[in-house]
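Notes for the one structure printed next.
This is a predicted model, so every value here is computed, not measured. Order of the sequence lines fixes the chain letters, A, B, ..., with proteins taken first and strands second; residue numbering starts at 1 for each chain.
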Number of protein chains: 4
Amino acid sequence: MTSTRPLRSDAARNRQLLLAAAADEFAAQGLDASVADIARRAGVGKGTVFRHFATKDDLIAAIVLDRINALNAVGDELLDATDPGAALLEFLTAAARQRQQRDLSFLRQAGELDAEVTQANTKMLRTIDGLLDRAREQGAVRADITAVDIVLLMCAPNHVTSHLPDAPPELWQRYLAIIFDGLRPQGAHPLPQPPPTAP
Amino acid sequence: MTSTRPLRSDAARNRQLLLAAAADEFAAQGLDASVADIARRAGVGKGTVFRHFATKDDLIAAIVLDRINALNAVGDELLDATDPGAALLEFLTAAARQRQQRDLSFLRQAGELDAEVTQANTKMLRTIDGLLDRAREQGAVRADITAVDIVLLMCAPNHVTSHLPDAPPELWQRYLAIIFDGLRPQGAHPLPQPPPTAP
Amino acid sequence: MTSTRPLRSDAARNRQLLLAAAADEFAAQGLDASVADIARRAGVGKGTVFRHFATKDDLIAAIVLDRINALNAVGDELLDATDPGAALLEFLTAAARQRQQRDLSFLRQAGELDAEVTQANTKMLRTIDGLLDRAREQGAVRADITAVDIVLLMCAPNHVTSHLPDAPPELWQRYLAIIFDGLRPQGAHPLPQPPPTAP
Amino acid sequence: MTSTRPLRSDAARNRQLLLAAAADEFAAQGLDASVADIARRAGVGKGTVFRHFATKDDLIAAIVLDRINALNAVGDELLDATDPGAALLEFLTAAARQRQQRDLSFLRQAGELDAEVTQANTKMLRTIDGLLDRAREQGAVRADITAVDIVLLMCAPNHVTSHLPDAPPELWQRYLAIIFDGLRPQGAHPLPQPPPTAP
DNA sequence: AATGAATGAGGCTTCATTCAT
DNA sequence: CATGAATGAAGCCTCATTCAT
């Protein structure tokens with residue numbers, strides 16, 4: 001599915017419809033939104049979902065992959081930004097905005113999925129490493145933070161606000177700001193645990 | 001548990017067994033761990049679960065209630081601590097240690113549940129308010145942080161580490177430290193969004 | 001249980017309490033009222049129900065037996081009545097009043113139960129035969145009716161009114177009257193099917 | 001079935017299979033025949049039952065609706081019959097034949113179910129009113145009988161025979177004849193209770 | 001002898017997935 | 001290719017019955 005067949009015009013359209021519908025439905029109902037609901041929202045038959053994604057998990061993985069790739073694109077552009085500190089914040093902002101509303105933490109589920117997601121994740125780590133290095137050089141970020149730290153903290157703002165029934169849609173910005181302040185060198189205290197390794 | 005019947009000798013034991021088993025199972029498999037699995041882990045029959053908790057949701061609520069009450073107890077003691085900043089950190093540490101390993105964020109689901117949990121939550125907010133006031137006076141915490149902020153951020157360290165398949169059990173301390181650094185006055189930047197109100 | 005042990009004073013009381021409570025509960029909720037509900041209504045523990053009646057079916061059988069015996073007593077007295085036609089109507093009235101409100105047609109279920117009920121049923125048939133013979137002689141009842149017919153038609157008035165959600169409590173009298181008119185010789189048409197035999 | 005979708009070729013067949021199987025199973029085991037048994041008898045999977053009838057109650061309602069509609073069709077034709085008295089008897093015969101063997105008195109349960117059944121019931125009352133008026137004019141039926149009486153008495157013949165373990169399949173005709181004789185003007189005695197109102 | 005805790009079979013229902021149309 | 005019908009495993013829950021207290 002990486003680059004097998006070019007995929008016919010309307011089949012490609014259905015695929016996009018489905019990814020969008022699934023993302024919406026998962027956002028609205030959580031990870032156990034039913035395939036039937038997704039199909040209905042996409043305006044296609046239930047069977048069509050399985051023609052495009054052999055498994056519900058595959059569908060989830062595809063969404064995750066899409067998101068990581070989009071983030072990677074953003075990240076790559078930001079590597080050339082003039083203000084590295086602002087660039088890193090921008091990256092985290094982009095990440096949070098993506099998951100708006102509800103925390104789509106299928107990341108874990110998807111982590112068990114093969115090749116593509118893992119690969120995209122690895123690439124993301126490299127990109128973040130780049131952003132981080134530059135920000136650190138600039139003194140915008142404390143020294144004891146690694147790319148894995150960033151990946152993990154990335155989900156926090158959305159998760160945190162998901163506990164509030166009627167949170168205003170941009171509330172995550174508040175918590176991203178707090179966390180980002182925690183990443184600055186000013187007032188940084190030594191960290192009690194070493195950074196984790198593999199993502 | 002409010003103040004109904006004393007509960008017979010062994011029934012009480014089973015109730016505790018079940019609460020523990022359920023917490024474990026939820027931690028291991030997420031919120032949709034099956035009642036059957038919980039019963040099996042507790043070493044009782046499936047029916048026994050329902051004798052103690054009329055509904056799966058009731059079981060969840062009971063766990064949540066237990067935890068909130070425990071936290072409230074810790075919090076109340078910490079109100080008398082000599083170092084208010086350390087006390088707040090201590091409180092957050094206790095909270096995170098409770099959820100060890102995996103993020104038990106049924107809090108939201110349970111929030112919709114009746115009287116007792118809501119009430120305990122309200123009390124927790126008041127307790128945190130107390131801790132926060134004192135820490136703020138001492139200059140250990142920035143001024144623009146509210147008790148609701150704390151409640152929301154409380155879950156973050158565990159959630160964050162839950163994305164790592166084989167995270168070391170104490171890794172959450174690292175992220176709690178980072179977040180707590182974000183709560184300090186040093187290096188604090190103005191927050192882009194106002195604090196949310198009702199929990 | 002026929003006449004084994006005299007049954008201690010309060011045990012006998014509990015037995016009556018249970019029979020009454022069960023009859024009420026069955027009348028109120030239908031045949032699948034739970035044993036727990038019955039016990040609660042009787043004000044005893046669930047276990048006590050099973051001490052008195054080994055099985056839910058046994059409990060039902062006991063109720064049925066009680067009722068049949070009561071009817072038999074009424075029937076025996078009516079054998080000496082001066083107006084045989086009125087006596088038969090009286091008997092049917094007594095039968096219907098017993099089942100007031102809801103049709104307790106456990107008769108069938110109970111029919112599968114051994115000795116006692118069967119025996120009481122047989123006796124009832126004989127009693128009805130007596131009532132019927134005398135009424136027939138008097139010309140109050142058509143000739144082609146048998147005791148089994150009476151036994152079967154006995155349940156009809158209550159059953160019929162049970163289909164009305166808010167039937168007035170004495171409505172069954174209306175249908176008993178209609179059916180009884182159908183048993184009179186005046187305007188009787190030949191019956192298309194022979195009378196059934198064994199009850 | 002109201003007027004939604006045409007229903008695909010084989011789906012329609014399964015629907016009929018299910019209705020038939022359900023009626024059989026209910027007749028054989030009473031109203032709490034299990035959905036699993038019904039599915040097995042229909043030769044389909046358990047899930048298929050729920051594809052066609054969202055709920056066990058819906059299935060029951062569908063059966064009831066089918067039957068009432070069929071009866072209504074019969075009744076409408078009989079409105080044009082030459083002998084009104086015979087027509088009414090014919091109607092009651094059709095009703096009883098439908099429920100052959102065992103009394104399917106889900107009518108009450110279904111009465112609580114929405115629109116369609118209620119509506120069909122109302123129509124049935126009107127039809128019976130028509131049959132009754134004409135029979136009364138002809139002097140074939142006593143004056144104090146209402147359509148609701150007929151609806152209620154309709155179930156009696158089958159119910160009555162259901163208490164006999166091995167009743168011959170046409171035995172209900174005997175009791176219908178007796179009851180119908182009770183509806184004739186000859187030998188009618190005044191009724192002790194007024195007719196009920198709403199069905 | 002009574003109580004109520006424990007049990008597990010069985011009921012209804014949902015849902016991912018397969019398959020005939 | 002798309003559709004939606006069919007399937008059966010699995011989930012939550014109820015309840016008659018047994019058993020320790």
Side-chain angles (χ1 to χ4, degrees), chain A residues 8 10-11 14 32-40 42-59, chain B residues 5 7-15 17-18 32-40 42-59, chain C residues 7-8 10-11 14 32-40 42-59, chain D residues 5 7-15 18 32-40 42-59:
Chain A
R8 238 168 271 180
D10 59 338
N14 267 352
D32 34 315
S34 82
V35 172
D37 284 348
I38 293 172
R40 197 173 311 122
V44 304
K46 216 183 333 180
T48 305
V49 180
F50 288 94
R51 167 160 302 278
H52 286 278
F53 308 96
T55 254
K56 191 185 177 182
D57 282 346
D58 284 355
L59 170 55
Chain B
R5 48 253 144 96
L7 214 51
R8 217 204 268 176
S9 54
D10 59 337
R13 195 180 120 272
N14 269 350
R15 189 177 201 278
L17 270 171
L18 275 169
D32 34 313
S34 87
V35 171
D37 285 347
I38 293 172
R40 197 172 311 122
V44 304
K46 211 184 340 173
T48 303
V49 181
F50 292 99
R51 152 160 290 278
H52 287 277
F53 308 96
T55 259
K56 191 186 175 183
D57 282 347
D58 284 356
L59 169 55
Chain C
L7 216 49
R8 237 168 275 183
D10 59 338
N14 268 351
D32 32 312
S34 82
V35 172
D37 285 347
I38 293 171
R40 196 173 311 122
V44 304
K46 218 184 332 182
T48 306
V49 181
F50 289 95
R51 168 161 303 279
H52 287 278
F53 308 96
T55 254
K56 190 186 179 183
D57 281 347
D58 284 356
L59 170 55
Chain D
R5 47 257 143 98
L7 215 51
R8 216 206 267 176
S9 56
D10 58 336
R13 195 179 120 275
N14 268 349
R15 189 177 202 278
L18 276 170
D32 35 314
S34 85
V35 171
D37 285 348
I38 292 171
R40 197 173 311 120
V44 304
K46 212 181 344 175
T48 304
V49 181
F50 291 97
R51 153 159 289 276
H52 287 277
F53 309 96
T55 258
K56 190 186 177 183
D57 281 347
D58 283 356
L59 170 55

Taking all heavy atoms of [X] and all of [Y], pick out the closest pair and write down the distance.
| X | Y | value |
| --- | --- | --- |
| A:Val49 | A:Ala39 | CG2-CB, 3.7 Å |
| D:Phe53 | D:Arg15 | CE2-NH2, 3.6 Å |
| C:Lys56 | C:Asp32 | NZ-CA, 3.8 Å |
| A:Asp57 | A:Thr55 | N-CG2, 2.8 Å |
| B:Lys46 | B:Ala36 | CG-CA, 4.2 Å |

Got a sec, which residues hit side chain to side chain contact (heavy atoms under 4.5 Å, CB included) with C:Ala54, two or more places apart in sequence or on another chain?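 Scan of C:Ala54 (side chain to side chain contact (heavy atoms under 4.5 Å, CB included), adjacent residues dropped) gives C:Asp58.
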When the distance from [atom1] of [X] to [atom2] of [N] is rounded to whole Å, what number comes out?
| X | N | atom1 | atom2 | value |
| --- | --- | --- | --- | --- |
| D:Arg40 | F:dG8 | CZ | P | 12 Å |
| B:Asn14 | E:dG4 | CG | P | 17 Å |
| A:Ile38 | F:dG4 | CD1 | C1' | 17 Å |

In terms of the nearest nucleotide of DNA chain E, which residue is placed more toward the 5' end: D:Asp37 or B:Val44? B:Val44
Go nucleotide by nucleotide along DNA chain E from the 5' end; which of C:Gly45 and B:Gly45 gets its closest nucleotide reached first?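 The 5'-side residue here is C:Gly45.
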Do nucleotides 12-18 of chain F as a string where each nucleotide becomes B, S or -: B if the base has a protein heavy atom under 4.0 Å, S if just the sugar-phosphate does, - if no protein is that close. SBB-SBB
Do any side-chain nitrogens or oxygens of [X] fall under 4.0 Å of OP1 or OP2 in [N]?
| X | N | value |
| --- | --- | --- |
| A:Arg51 | F:dA2 | yes |
| A:Thr48 | F:dA2 | no |
| D:His52 | F:dA6 | yes |

Name all stems that contain residues of DNA chain F, defined as runs of 3 or more consecutive Watson-Crick or G-U wobble pairs, both distances under 3.5 Å.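 DNA chain F stems, ordered by first number: E:2-21 with F:2-21.
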Should D:Leu59 and D:Ile38 count as side-chain neighbours, where that means a heavy-atom distance under 4.5 Å? yes
Approximate separation, where rounding is to 0.5 Å, of B:Arg40 CZ and B:Asp37 CG: 5.0 Å
